[in-house]
Amino acid sequence: MSNFFFTLGVAGILTGGPFTMQPRDVTITRTASIAEFQFSSLSAQPRIFDVRVMRWTQRNGQNVLTPAPGFIVVPSVFSIDPYQTVLVRVEPRGNASPSTEQSYKVVLTRVVPGAAAPPQNARRLEAALFVPPAKPAVDPTFTLKSAGPQRADLVVVNGGNEHIYIQNVSVADAPVAGYVLANSTQLFHLRINGPLHGTDAEVTFDDAQGRRQTARVTVSQ
């Protein structure tokens, strides 16, 4: 299952109240070494935003963000007027080709005048940023576990060196979507339309580019 639905720059818009940011997902490559994000305001008031790049990992099914200083961000702090669009550029320092994909979040946080640090409820938008491995190899495994009447947990173990993205799962009655980073495990809670049968099955879903994929799934009661 190598070369299994890689995400190479996803078109999408993130919204946070009167602010939007696009695209939602960018992969840096040798030919496109600078990531660009358009940040737009529909607010009637000018606002100030801070831009930071954070290392993104998944531990015990949780997303963890830590500061990542190895990037040039322009502008790193900016004021945006009503109905204005600001172009934010992010470029890594150096040209390293990692053996495992490096995952980051570009985080834009509203600066509150007079506050030493952003308050917990400060307006914030995030976009995913990926630095691909020198030799991509993705080999995920899927397990579907019963979690009660019309409930199931889809466990995705990504033993490869590049992230995968899952949305529109065929057995789910309600939308679920999310990333599974390289060498990480994620659990998706599903609402399903009936009991699980057998010990294995096929599940279809869409990748980040909307392409339909099929995977063999181990069923666990």
Side-chain angles (χ1 to χ4, degrees), residues 2-14 16 19-41 47-60 62-80 84-112 115-118 122-138 158-165 178-186 207-209:
S2 60
N3 297 325
F4 195 86
F5 66 96
F6 298 154
T7 302
L8 298 178
V10 180
I13 300 176
L14 298 174
F19 303 99
T20 63
M21 183 177 176
Q22 61 177 324
R24 69 181 186 187
D25 178 332
V26 171
T27 295
I28 288 177
T29 66
R30 291 183 180 275
T31 57
S33 60
I34 299 176
E36 294 186 345
F37 301 90
Q38 290 187 339
F39 185 75
S40 302
S41 172
R47 294 288 185 261
I48 299 174
F49 279 84
D50 169 88
V51 187
R52 299 188 183 188
V53 179
M54 308 292 287
R55 181 78 170 94
W56 177 23
T57 56
Q58 291 174 333
R59 302 173 189 169
N60 300 320
Q62 301 297 315
N63 293 309
V64 179
L65 300 181
T66 54
F71 288 86
I72 300 170
V73 180
V74 180
S76 58
V77 179
F78 63 89
S79 176
I80 187 167
Q84 182 187 12
T85 295
V86 172
L87 183 65
V88 177
R89 293 182 173 90
V90 178
E91 181 178 9
R93 301 177 187 272
N95 297 309
S97 295
S99 58
T100 299
E101 177 184 69
Q102 303 297 294
S103 307
Y104 302 90
K105 286 289 186 75
V106 179
V107 181
L108 278 71
T109 307
R110 184 189 164 197
V111 176
V112 178
R123 184 81 65 189
R124 189 169 90 167
L125 283 87
E126 300 177 354
L129 176 65
F130 299 101
V131 178
K135 295 181 179 181
V138 176
N158 181 9
N161 64 356
E162 197 166 47
H163 76 277
I164 59 179
Y165 185 81
Y179 294 91
V180 187
L181 300 184
N183 293 321
S184 297
T185 299
Q186 286 293 93
D207 65 15
Q209 294 176 321

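Values below: every heavy atom of this structure, side chains too, minus hydrogens, waters and symmetry copies.
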Taking all non-hydrogen atoms of both residues into account, name the closest pair between [X] and [Y] and its distance.
X      : Y      : result
Pro92  : Ser33  : CD-O, 3.4 Å
Arg24  : Ala208 : NH2-O, 4.0 Å
Phe49  : Val111 : C-CG2, 4.0 Å
Tyr179 : His163 : CD2-CD2, 3.7 Å
Ala35  : Leu129 : CB-CD1, 3.7 Å

Could you tell me which residues satisfy salt bridge (charged side-chain N to carboxylate O under 4.0 Å, His left out) with [X], sequence neighbours excluded, listed by chain and number?
X      : value
Arg55  : none
Arg110 : none
Glu91  : none

[X] (side chain) donor-acceptor with [Y] (main chain) under 3.5 angstrom:
X      : Y      : answer
Asp207 : Gln209 : yes
Ser76  : Val74  : no
Glu126 : Lys105 : no
Asn161 : Ser99  : yes

- With sequence neighbours left out, what residues match Thr85 under side-chain hydrogen bond (donor to acceptor under 3.5 Å, both in side chains)?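 Checked Thr85 against side-chain hydrogen bond (donor to acceptor under 3.5 Å, both in side chains); matches are Ser40.
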
- Residues forming a side-chain hydrogen bond (donor to acceptor under 3.5 Å, both in side chains) with Arg47, sequence neighbours excluded: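 Result, side-chain hydrogen bond (donor to acceptor under 3.5 Å, both in side chains) vs Arg47: none returned.
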
- Message: Does any part of the side chain of Thr57, heavy atoms only, come nearer than 4.5 Å to the side chain of Arg59, both counted from C-beta?
- Response: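 In short, these two side chains touch, coming nearer than 4.5 Å.
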
- Considering only heavy atoms from C-beta outward, does the side chain of Pro133 approach that of Thr100 to under 4.5 Å?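 Side chain of Pro133 against side chain of Thr100, heavy atoms only: no contact under 4.5 Å found.
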
- Message: Ring-plane angle category for Phe19 and Phe39, please: parallel below 30°, perpendicular beyond 60°, tilted otherwise.
- Response: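 Rings of Phe19 and Phe39: parallel, under 30°.
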
- Message: So, taking the atom named CD in Gln186 and the one named CD in Gln62, what distance separates them when rounded to the nearest 0.5 Å?
- Response: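 Rounded to the nearest 0.5 Å, the CD-CD separation comes out at 8.0 Å.
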
- Query: Hey, mind stepping through Tyr165 and Asp25 against side-chain hydrogen bond (donor to acceptor under 3.5 Å, both in side chains) and telling me if it holds?
  - Reply: CA-CA 11 Å; Tyr165 185 81; Asp25 178 332; over 6 Å; no

Let me have the donor-acceptor pairs involving side chains of residues 63-72, under 3.5 Å, with sequence neighbours excluded, atom names and distances please.
residue, atom, partner, partner atom, Å
Asn63, OD1, Trp56, NE1, 3.0
Asn63, OD1, Gln58, NE2, 3.2

- Qualifying residue for side chain to side chain contact (heavy atoms under 4.5 Å, CB included) with Glu36, from Leu87, Val88, Val90: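 The side chain to side chain contact (heavy atoms under 4.5 Å, CB included) with Glu36 is passed solely by Leu87 among Leu87, Val88, Val90.
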
- Residues Asn158, Leu181; criterion side-chain contact (heavy atoms from CB on, under 4.5 Å); working and verdict: CA-CA 7 Å; Asn158 181 9; Leu181 300 184; 5.8 Å; no

- Task: Could you give me the CA-CA distance, side-chain angles and deciding distance for Val107 and Arg124, then say whether side-chain contact (heavy atoms from CB on, under 4.5 Å) is met?
- Result: CA-CA 7 Å; Val107 181; Arg124 189 169 90 167; 3.3 Å; yes

